[in-house]
Trainee: 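Below you'll find the structure I mean.
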Amino acid sequence: MASDPVNTIKAFYPCPLGTLEIFLSDGFLNRINFTDKTSGMLIPPETEEVVHQLDAYFKGSLKDFNLKIKPSGTAFQLNVWEMLGKIPYGTTITYGELSHRLGMRNGARAVGLANGANPIPLVIPCHRVIGAGGKLTGYGGGLWRKKWLLQMEMPERPGLLFGQPGDE
């Protein structure tokens, strides 16, 4: 995990998936971590818009985040993350499809690594990328969170299962 810049503002946000640790620097959201930590700290005013949009997202009334973000990564990672932001709410694509959209043949593994390095999950919707054949693969917050997010975004498919029973 990258060290926090000196002017970073941090908040803990309880959500249906546990607690999110939110980091802003210079007015930009630059990281969200899933954490088991809890904190009694108040939400700093600088993070209120992030929290407001996360609340709306989890209630199902927000489909696209409109936040100032500034993730840190390589040029390739930034390119992948930009493409992730174009995956519509309630849809999925495979790592291979994303690789092709980036103009890469046989680039699914590289795309998967960049996807896994996404520092701003939810806002940059890496959970919408799945393995070939609809298999749930890899998610920094745990596969159970990925499955929960996809099922929340696709309520019209209540019996939707990814992978095999017991995949965690």
Side-chain angles (χ1 to χ4, degrees), residues 1-5 8 13 15 17 20-35 47 49-50 53-54 56-58 60-164 167-168:
M1 173 166 42
S3 62
D4 300 334
T8 294
Y13 168 74
C15 73
L17 299 173
L20 299 178
E21 195 174 21
I22 300 167
F23 296 85
L24 274 82
S25 183
D26 298 323
F28 290 90
L29 176 64
N30 57 26
R31 195 160 30 113
I32 293 177
N33 296 330
F34 291 101
T35 181
T47 64
E49 184 57 27
V50 175
Q53 289 191 35
L54 286 168
Y57 171 75
F58 284 116
S61 61
L62 181 92
K63 309 294 187 219
D64 297 301
F65 288 94
N66 183 22
L67 296 167
K68 292 177 9 180
I69 64 171
K70 194 176 204 176
S72 289
T74 66
F76 176 71
Q77 289 172 329
L78 293 170
N79 196 21
V80 170
W81 300 336
E82 182 179 343
M83 291 299 291
L84 292 174
K86 296 177 182 178
I87 304 169
Y89 181 96
T91 64
T92 59
I93 66 170
T94 66
Y95 294 97
E97 288 176 78
L98 185 56
S99 171
H100 282 88
R101 289 183 186 183
L102 289 162
M104 300 172 62
R105 296 182 58 170
N106 305 318
R109 185 176 302 266
V111 165
L113 290 171
N115 197 48
N118 173 15
I120 312 175
L122 305 173
V123 176
I124 299 174
C126 56
H127 61 277
R128 296 179 188 153
V129 184
I130 59 175
K135 181 143 176 70
L136 273 190
T137 58
Y139 190 65
L143 287 181
W144 73 270
R145 286 186 175 108
K146 184 172 188 170
K147 183 176 180 178
W148 189 96
L149 289 164
L150 291 173
Q151 289 179 332
M152 179 196 77
E153 290 187 7
M154 296 183 249
E156 69 282 358
R157 296 173 67 187
L160 184 65
L161 290 177
F162 297 92
Q164 302 298 316
D167 282 354
E168 298 296 323

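Fair warning: this is a prediction, and the values are worked out from it, not measured in the lab.
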Trainee: Does Ala114 offer a backbone N or O that forms a donor-acceptor pair with the side chain of Trp81 under 3.5 Å?
Mentor: yes
Trainee: Enter the distance from Ile124:CD1 to Ile87:CD1 here, rounded to the nearest 0.5 Å.
Mentor: 11.0 Å
Trainee: Considering non-hydrogen atoms only, spot the tightest contact between Pro71 and Pro119 and give its length.
Mentor: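 The pair with the smallest heavy-atom distance is CB-CG, 3.6 Å.
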Trainee: Would you call the rings of Phe65 and Tyr57 parallel, tilted or perpendicular if under 30° counts as parallel and over 60° as perpendicular?
Mentor: tilted
Trainee: To the nearest 0.5 Å, tell me how far Asn79 CG sits from Arg101 CZ.
Mentor: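 Answer for the CG-CZ pair, Asn79 versus Arg101, is 13.5 Å.
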Trainee: How far does CD1 of Ile93 sit from NE2 of His100, to the nearest 0.5 angstrom?
Mentor: 11.5 Å
Trainee: Run the numbers on Arg128 and Leu84 for side-chain contact (heavy atoms from CB on, under 4.5 Å), then give the verdict.
Mentor: CA-CA 8 Å; Arg128 296 179 188 153; Leu84 292 174; over 6 Å; no
Trainee: Measure the CG-OG distance between Asn30 and Ser25 for me, rounded to the nearest 0.5 Å.
Mentor: 5.5 Å
Trainee: Kindly say whether Phe23 contributes a backbone atom to a donor-acceptor pair with the side chain of Arg31 at under 3.5 angstrom?
Mentor: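 Between the backbone of Phe23 and the side chain of Arg31 there is no qualifying donor-acceptor contact (under 3.5 Å).
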Trainee: Verify, without hydrogens or angle tests, whether Thr94 (side chain) and Ala132 (backbone) share a donor-acceptor contact under 3.5 angstrom.
Mentor: no
Trainee: At their closest point, which heavy atom of His127 faces which heavy atom of Lys146, and how far apart are they?
Mentor: O-CE, 3.3 Å
Trainee: Going by salt bridge (Lys or Arg N to Asp or Glu O under 4.0 Å), name the residues that satisfy it together with Glu82, two or more places apart in sequence or in a different chain.
Mentor: Lys86
Trainee: Out of the candidates Leu98, Ile120, Leu149, Asn118, only one should pair with Cys126 under the side-chain contact (heavy atoms from CB on, under 4.5 Å) rule; please name it.
Mentor: Asn118
Trainee: Would you indicate whether the side-chain heavy atoms of Leu136 and Leu150 approach each other to under 4.5 Å?
Mentor: yes
Trainee: Do side-chain atoms of Tyr95 reach the backbone of Thr137 as a donor and acceptor pair under 3.5 angstrom?
Mentor: yes
Trainee: Using side-chain heavy atoms (C-beta onward) and a distance below 4.5 Å, is Val50 in contact with Val123?
Mentor: no
Trainee: Provide the closest heavy-atom pair for Ile69 versus Phe28 in the form atom of the first, atom of the second, distance.
Mentor: O-CD2, 3.6 Å
Trainee: Can you name the closest pair of heavy atoms from Leu122 and Phe58 and give their distance?
Mentor: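 Where Leu122 meets Phe58 most closely, the heavy atoms are CD1-CZ, 4.0 Å.
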Trainee: Please give me the minimum heavy-atom distance between Tyr89 and Gly60, naming the atom from each residue.
Mentor: OH-CA, 4.4 Å
Trainee: Looking at every heavy atom in both Phe76 and Ala110, which two are closest together, and how far apart are they?
Mentor: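 Heavy-atom minimum between the residues: CE2-O, 3.6 Å.
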Trainee: Step through the shown structure and confirm whether more than 12 heavy atoms of other residues, nucleotides or ligands are within 6.0 Å of NZ on Lys70.
Mentor: no
Trainee: State whether the side chain of Glu49 and the backbone N or O of Leu67 hold a donor-acceptor pair below 3.5 Å, judged by distance alone.
Mentor: no
